[in-house]
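Take a look at the structure below.
FYI, the numbering just counts along the sequence from 1.
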Amino acid sequence: MRYVLITGAGNGVGKATAKLLKDEKLLLVDSDEKNLKKLAQDLNAEYFACDISNVDKVNELKAYVEKNFAKLDTIINCAGVWTKGEISQLSDKHFAEINTLEKIKDVLDTNTFGTIAMITTFAPILMKNKKGQIINVNSQSGVETEEFCPVYNASKHGTYYYRKAIQRDLAKHNVKITDVCPGLIKTDFYVRNNDKLPPEIMKLGLAVEDVARTIKYVFDLPHEITIPSIEVRNIKNF
Ligand SMILES: NC(=O)c1ccc[n+]([C@@H]2O[C@H](COP(=O)([O-])OP(=O)(O)OC[C@H]3O[C@@H](n4cnc5c(N)ncnc54)[C@H](OP(=O)(O)O)[C@@H]3O)[C@@H](O)[C@H]2O)c1
C-alpha cells in the first residue's frame, strides 16, 4: 500500500483520482473543507484543509504529515484555479472582473507558487523515505501558447519548467516526477472561477475519470520507469 497526498481533492480531477486510488493510504488536501470532509468520510481517508498558496497553512500541513503521515511516498498536485482574457479584452466588464490583480495573484499563487511550495516542502520527505513519485496535474496551457488565457498559461508554464529543472536531481534521489497535461475537462473549474464556457465547448471536454485514469497509469508504472510529461485530450477537441 502506498501513502498518497492529493491536493485539490475536494472536487474535479483530484476527487476522481482519490476515488480511483481508494485502496491506497490517502491524505486528501483542499481549501474546500466541506467537500473534502465528505469525500474523506466516504473513502475512509485522512484529510487536511489547506490553502496551498498560504505559507503558514503549508507549514501546518508539513507538521501534520511528519506526525501522522510520515511514510508519504506520492504527491499528486491537482489544486488549481483559472482565469482568462487577452490584455486587449480587459476593458470588457467580464474580463475585467476575472482579471483583478487579486485574481491574477491568486492564479499565480495557487498554480505556480502552491505547486512549487508542495514540492519544496514534501520532496525532502520522499527522499528521506528513499523512494517517491510526484504527479502534477498541469494543462495543455503548460505546453502550448494559449493567447486567450495568458495568466493561466504563464502559471502552468511556470510549473512545467520547474519540473524540468528539478527532475534529474530528484531522480538521483529515487524520486520521479511527471506533468500530466490535459486539454479541456468537464468540471466546475470554470464556474468555480466565475467564468463560463459555452455548453457546446464543454461537451467536447474530457471526463474527470479519463484524467484520473491517466494519472493512475502513471502511478502504476514500475518505479524505474518515468514519464516526464504526458498529454491527454478528447479527440474531438484536439
Ligand atoms: N477543468 C479543465 O478544463 C482543466 C484542463 C486542464 C487542466 N486542468 C487542471 O486540472 C487541475 C484540477 O482542475 P479541476 O478541473 O478538477 O478543477 P476543480 O473542479 O475546480 O477542482 C480544483 C480543486 O482545487 C481546489 N483549490 C483551488 N485553489 C486551491 C488552493 N489554493 N489550495 C487548495 N486547494 C485549492 C478547489 O477548491 P475551492 O473550490 O475551495 O477553490 C477545488 O476543490 C487544476 O490544476 C487545473 O488547472 C483543468
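Taking all atoms of both residues into account, the shortest heavy-atom contact from Ser141 to Tyr152 is OG-CD2, 3.4 Å. Taking every heavy atom of both residues into account, Gly158 and Thr112 meet most closely at CA-CG2, 4.2 Å. The two residues Gly85 and Pro150 make their nearest non-hydrogen contact at O-CD, 3.3 Å. Minimum heavy-atom separation, Leu170 to Ala123: CD2-CB, 4.2 Å. Considering every non-hydrogen atom in both Pro222 and Lys176, the closest pair reads O-NZ, 3.1 Å. Here the closest non-hydrogen pair linking Val58 and Ala117 is CG1-O, 4.4 Å.
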Begin from the C-alpha positions of Glu231 and Arg233 and carry the test salt bridge (charged side-chain N to carboxylate O under 4.0 Å, His left out) through to its verdict. CA-CA 7 Å; Glu231 297 181 31; Arg233 310 270 186 273; 2.7 Å; yes
Would you sort out whether Lys131 and Val175 count as a side-chain contact (heavy atoms from CB on, under 4.5 Å), showing the intermediate values? CA-CA 6 Å; Lys131 188 176 178 181; Val175 175; over 6 Å; no
Residue pair Leu184, Gln140: steps toward the side-chain contact (heavy atoms from CB on, under 4.5 Å) verdict: CA-CA 8 Å; Leu184 177 69; Gln140 184 166 356; over 6 Å; no
Val137/Thr17 under side-chain contact (heavy atoms from CB on, under 4.5 Å): CA gap, chis, key distance, verdict: CA-CA 11 Å; Val137 180; Thr17 303; over 6 Å; no
Apply side-chain contact (heavy atoms from CB on, under 4.5 Å) to Leu27 and Asn68, showing your working. CA-CA 10 Å; Leu27 172 57; Asn68 304 290; over 6 Å; no
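Considering only residues two or more places apart in sequence or on other chains, Ala18 meets the side chain to side chain contact (heavy atoms under 4.5 Å, CB included) condition with Ile6, Leu26, Leu28, Leu39, Leu43. Taking Lys105 as the reference, Asp109 meet the salt bridge (Lys or Arg N to Asp or Glu O under 4.0 Å) condition, with sequence neighbours excluded. Scanning for salt bridge (Lys or Arg N to Asp or Glu O under 4.0 Å) contacts around Asp169 gives an empty result, with sequence neighbours left out. With sequence neighbours excluded, the residues that form a side-chain hydrogen bond (donor to acceptor under 3.5 Å, both in side chains) with Thr159 are Asn138. Remark: Glu66 pairs with Lys62, Ile125 by the side chain to side chain contact (heavy atoms under 4.5 Å, CB included) rule, at least two apart or across chains. Checked against side-chain hydrogen bond (donor to acceptor under 3.5 Å, both in side chains), Asn234 has no partners two or more places apart in sequence or in another chain. Qualifying side-chain hydrogen bond (donor to acceptor under 3.5 Å, both in side chains) partners for Asn174, counting only residues two or more places apart in sequence or in other chains: His223. Evaluation of the side-chain hydrogen bond (donor to acceptor under 3.5 Å, both in side chains) rule for Glu97 yields Lys93 as partners, not counting sequence neighbours.
With values rounded to the nearest 0.5 angstrom, Asp195 atom CG is found 3.5 Å from Lys84 atom NZ. Taking CG of Asp32 as the reference point, atom CG of Asp51 lies at 12.0 Å (rounded to 0.5 Å). For the atom pair NZ (Lys57) and OG (Ser31), the distance works out to 10.5 Å, reported to the nearest 0.5 Å. In this structure, NZ in Lys25 is found 12.5 Å from CG in Asp73, a value given to the nearest 0.5 Å. The distance from atom CG of Asn136 to atom CG of Asn111, rounded to the nearest 0.5 Å, is 11.0 Å. The NZ atom of Lys19 lies 5.0 Å from the NZ atom of Lys15; values are rounded to the nearest 0.5 Å.
The ring pair (Phe, Tyr, Trp, His ring centres under 6.0 Å) contacts involving residues 1-26 comprise Tyr3-Phe69, where partners must be two or more places apart or lie in separate chains. Sequence neighbours left out, the pairs with a member in residues 23-58 that pass ring pair (Phe, Tyr, Trp, His ring centres under 6.0 Å) are Phe48-Tyr64. Listed by first and then second residue, the ring pair (Phe, Tyr, Trp, His ring centres under 6.0 Å) pairs involving residues 5-29 amount to none (not counting sequence neighbours). Sorted by first then second residue, the ring pair (Phe, Tyr, Trp, His ring centres under 6.0 Å) pairs that include residues 8-41, not counting sequence neighbours, number zero.
When side chains are defined from C-beta on, Arg192 counts as touching Asn11, because their heavy atoms get closer than 4.5 Å. Side-chain contact between Asn193 and Ile98: absent, with no pair of heavy atoms (C-beta onward) separated by less than 4.5 Å. Two residues are said to be in side-chain contact when any heavy atoms from C-beta on lie closer than 4.5 Å; Phe122 and Val65 meet this criterion. Contact of the Asn35 side chain with the Asp30 side chain is not registered, since no non-hydrogen atoms from C-beta on lie closer than 4.5 Å. When side chains are defined from C-beta on, Ile52 does not count as touching Leu61, because their heavy atoms never get closer than 4.5 Å. Put simply, the side chain of Thr120 reaches to within 4.5 Å of the side chain of Tyr162, judged on heavy atoms. Residues Ile135 and Asn77 are not in side-chain contact: their nearest non-hydrogen atoms beyond the backbone lie 4.5 Å or more apart. Within the 4.5 Å cutoff, side-chain heavy atoms of Ile76 are placed close to those of Ile215.
One hydrophobic cluster, built from ILVMFWY side chains closer than 4.5 Å, cannot hold both Phe238 and Val232; they sit in different ones. In the hydrophobic cluster analysis, where Ile, Leu, Val, Met, Phe, Trp and Tyr join through side-chain heavy atoms closer than 4.5 angstrom, Val151 is grouped apart from Val143. One hydrophobic cluster, built from ILVMFWY side chains closer than 4.5 Å, cannot hold both Val211 and Leu204; they sit in different ones. Following chains of ILVMFWY side-chain contacts shorter than 4.5 Å, one can reach Val218 starting from Leu21, so the two form part of one hydrophobic cluster. Note on Val4 and Leu221: same hydrophobic cluster, where clusters join Ile, Leu, Val, Met, Phe, Trp and Tyr whose side-chain heavy atoms are under 4.5 Å apart, directly or indirectly.
For the residue pair Gln133/Thr74, the side-chain donor-acceptor check at 3.5 Å is not satisfied.
For Asp220, the CG atom counts as densely surrounded, since its 6.0 Å shell holds more than 12 non-hydrogen atoms of other residues, nucleotides or ligands. Atom NZ of Lys103 has more than 12 neighbouring heavy atoms from other residues, nucleotides or ligands inside a 6.0 Å radius. Other residues, nucleotides and ligands contribute more than 12 heavy atoms inside 6.0 Å of the CZ atom of Phe148.
Using a 30° and 60° split on the angle between ring planes, Phe189 and Trp82 fall in the tilted class, from 30° to 60°. Aromatic ring orientation, His157 versus Tyr160: tilted (interplanar angle from 30° to 60°).
Judged purely by atom type and a 3.5 angstrom limit, Lys216 has no side-chain atom pairing as donor or acceptor with the backbone of Leu20. Here the side chain of Thr178 pairs a donor or acceptor atom with the backbone of Ile227 at under 3.5 angstrom. A distance-only check finds a donor-acceptor pair linking the side chain of Thr214 to the backbone of Asp210 [under 3.5 Å].
Asp179 pairs in a salt bridge (Lys or Arg N to Asp or Glu O under 4.0 Å) with only one of the listed residues (Lys156, Arg163, Lys164), which is Arg163.
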